[in-house]
Amino acid sequence: TILLWVIRLGSYGALATPLIVHSQFIFPFVVPKTIAFWGIAEIIFAAWLFLISVNPKYRPRFTPVIGAVMIFLAVSFASAFFGINTIRSFWSTYERMGGVIGLIHLTLFFLVLVSTFRTFPEWKRFWTVSLGVAFLIALLFFLDRFGIAIFPVETYGGSTLGNSSFMGAYFLFHIFMGLWLLGASSFIEVRIFYGMFVAFLTAALWYAQALGAFFSISAGLFLIGVITLFFGGGLKRRGAAIALFFFACIVGIVIFFGT
């Protein structure tokens, strides 16, 4: 039970690492986040190794997704080894903190999650925490934009993520995750709760002028609407038709005023 709680709390803590900014680093938005995540991933992976040694229930079950992740990691190892600069490919740079070493920690984190988070309520809590962190990042973004000094360094319009492009990609994922949580909820109060989160992130995305992420969301929603229109039930089809109509109107307004 203690090991499982260490894993759960560590997993939630890893979701909060995007909030970390430290002005004493040369790259204050990248290095401290990565060091914190790597440390948490190693701690919960060690706890998970102890856990599966005493409780086989939490040992990983092979799935196509796990197989795909392992193949991707193996290919990354091969490309690093046979590439131009093996050391750089493996360790990356302080400016990016990626490389194979980063993929290893992400894979360890992934294995722990899929082995210990087994039920839908567990995953729902996990992604709700992640959505809450995204909400805090958006709130800090608006406070910074409206002149309330929050950060000790220049954020380049990206809140705790350093620039608007990184923040846009982060919000892009969470907006769709929020929509999934909204659709998976049965109570209207919970749906309103998730809907407010999605609307707030979308507003931050638009205000930050992260146009690539914003247009990606628009295209994704359009695709979901088209698929629902052709393959959904009666009520879902009517809802999709209405949504696509308003989507076309919004696009038309944006194009008209943009030109």
Side-chain angles (χ1 to χ4, degrees), residues 10-11 13-49 60 62-115 130 133-134 137 141 151-177 205 208-217 219-220 223:
S11 299
L15 296 177
T17 54
L19 292 168
I20 300 174
V21 179
H22 201 298
S23 61
Q24 297 303 309
F25 287 82
I26 297 177
F27 299 102
F29 297 101
V30 179
V31 177
K33 287 181 178 63
T34 307
I35 291 175
F37 175 78
W38 286 2
I40 292 173
E42 291 169 7
I43 290 171
I44 64 173
F45 182 73
W48 177 68
L49 290 178
F62 180 81
T63 65
V65 175
I66 291 179
V69 170
M70 292 304 176
I71 292 174
F72 180 77
L73 184 61
V75 171
S76 299
F77 263 106
S79 64
F81 182 77
F82 292 105
I84 296 175
N85 192 326
T86 301
I87 295 177
R88 178 65 60 84
S89 297
F90 186 84
W91 292 105
S92 186
T93 64
Y94 288 117
E95 187 177 5
R96 289 292 180 261
M97 295 295 285
V100 176
I101 186 68
L103 294 177
I104 292 173
H105 284 84
L106 287 170
T107 302
L108 298 182
F109 187 63
F110 167 76
L111 287 175
V112 174
L113 289 184
V114 297
S115 301
S130 188
V133 173
I137 292 175
F141 164 77
F151 306 103
V153 291
E154 175 62 42
T155 64
Y156 303 101
S159 188
T160 62
L161 297 176
N163 64 57
S164 58
S165 297
F166 290 163
M167 189 178 73
Y170 181 75
F171 284 174
L172 171 66
F173 177 84
H174 282 87
I175 286 171
F176 280 105
M177 184 56 64
L205 200 63
Q209 296 185 344
L211 299 181
F214 192 84
F215 288 130
S216 297
I217 291 173
L223 181 60

Enquirer: To the closest 0.5 Å, what do you measure between CG (L108) and CH2 (W48)?
Expert: 8.5 Å

Enquirer: Are any of the side-chain heavy atoms of I217 and F171 separated by less than 4.5 Å?
Expert: no

Enquirer: Measure the CD1-OG distance between I66 and S115 for me, rounded to the nearest 0.5 Å.
Expert: 6.0 Å

Enquirer: Provide the closest heavy-atom pair for G10 versus I40 in the form atom of the first, atom of the second, distance.
Expert: O-CG2, 3.1 Å

Enquirer: Do the non-hydrogen side-chain atoms of M97 and W38 ever get within less than 4.5 Å of each other?
Expert: yes

Enquirer: List for me each residue that meets side chain to side chain contact (heavy atoms under 4.5 Å, CB included) alongside L113, sequence neighbours excluded, and say none if there are none.
Expert: S11, F109, F117, W123, F126

Enquirer: I need the minimum non-hydrogen distance between A36 and T17, along with the two atoms involved.
Expert: CB-CG2, 4.0 Å

Enquirer: Taking ring pair (Phe, Tyr, Trp, His ring centres under 6.0 Å) as the test, write out the residues that go with Y170, two or more places apart.
Expert: H174

Enquirer: Does the side chain of I26 come within less than 4.5 Å of V31's, by heavy atoms?
Expert: no

Enquirer: Could you pull out all donor-acceptor pairs under 3.5 Å where a side-chain atom in residues 98-107 meets a protein atom, sequence neighbours excluded?
Expert:
residue: H105; atom: ND1; partner: I101; partner atom: O; Å: 2.8
residue: H105; atom: NE2; partner: E42; partner atom: OE2; Å: 2.6
residue: T107; atom: OG1; partner: L103; partner atom: O; Å: 2.8

Enquirer: Taking all heavy atoms of F176 and all of G220, pick out the closest pair and write down the distance.
Expert: CZ-CA, 3.9 Å

Enquirer: Mind checking the CD1-OG1 spacing from I20 to T34? Nearest 0.5 Å is all I need.
Expert: 9.5 Å

Enquirer: List in chain and number order the residues that pass ring pair (Phe, Tyr, Trp, His ring centres under 6.0 Å) with F25, two or more places apart in sequence or in another chain; answer none if no residue qualifies.
Expert: H22

Enquirer: Less than 3.5 Å apart, which donor and acceptor atoms pair up between the side chains of residues 159-168 and the rest of the protein, not counting sequence neighbours?
Expert:
residue: S159; atom: OG; partner: I137; partner atom: O; Å: 2.8
residue: T160; atom: OG1; partner: P18; partner atom: O; Å: 2.7
residue: N163; atom: OD1; partner: S165; partner atom: N; Å: 3.0
residue: N163; atom: OD1; partner: F166; partner atom: N; Å: 2.9

Enquirer: Which atom pairs, donor and acceptor, lie under 3.5 Å between side-chain atoms of residues 79-87 and protein residues at least two apart or in another chain?
Expert:
residue: S79; atom: OG; partner: V75; partner atom: O; Å: 3.3
residue: S79; atom: OG; partner: S76; partner atom: O; Å: 2.9
residue: N85; atom: OD1; partner: I87; partner atom: N; Å: 3.4
residue: N85; atom: OD1; partner: R88; partner atom: N; Å: 3.0
residue: T86; atom: OG1; partner: A80; partner atom: O; Å: 3.1
residue: T86; atom: OG1; partner: F81; partner atom: O; Å: 3.2

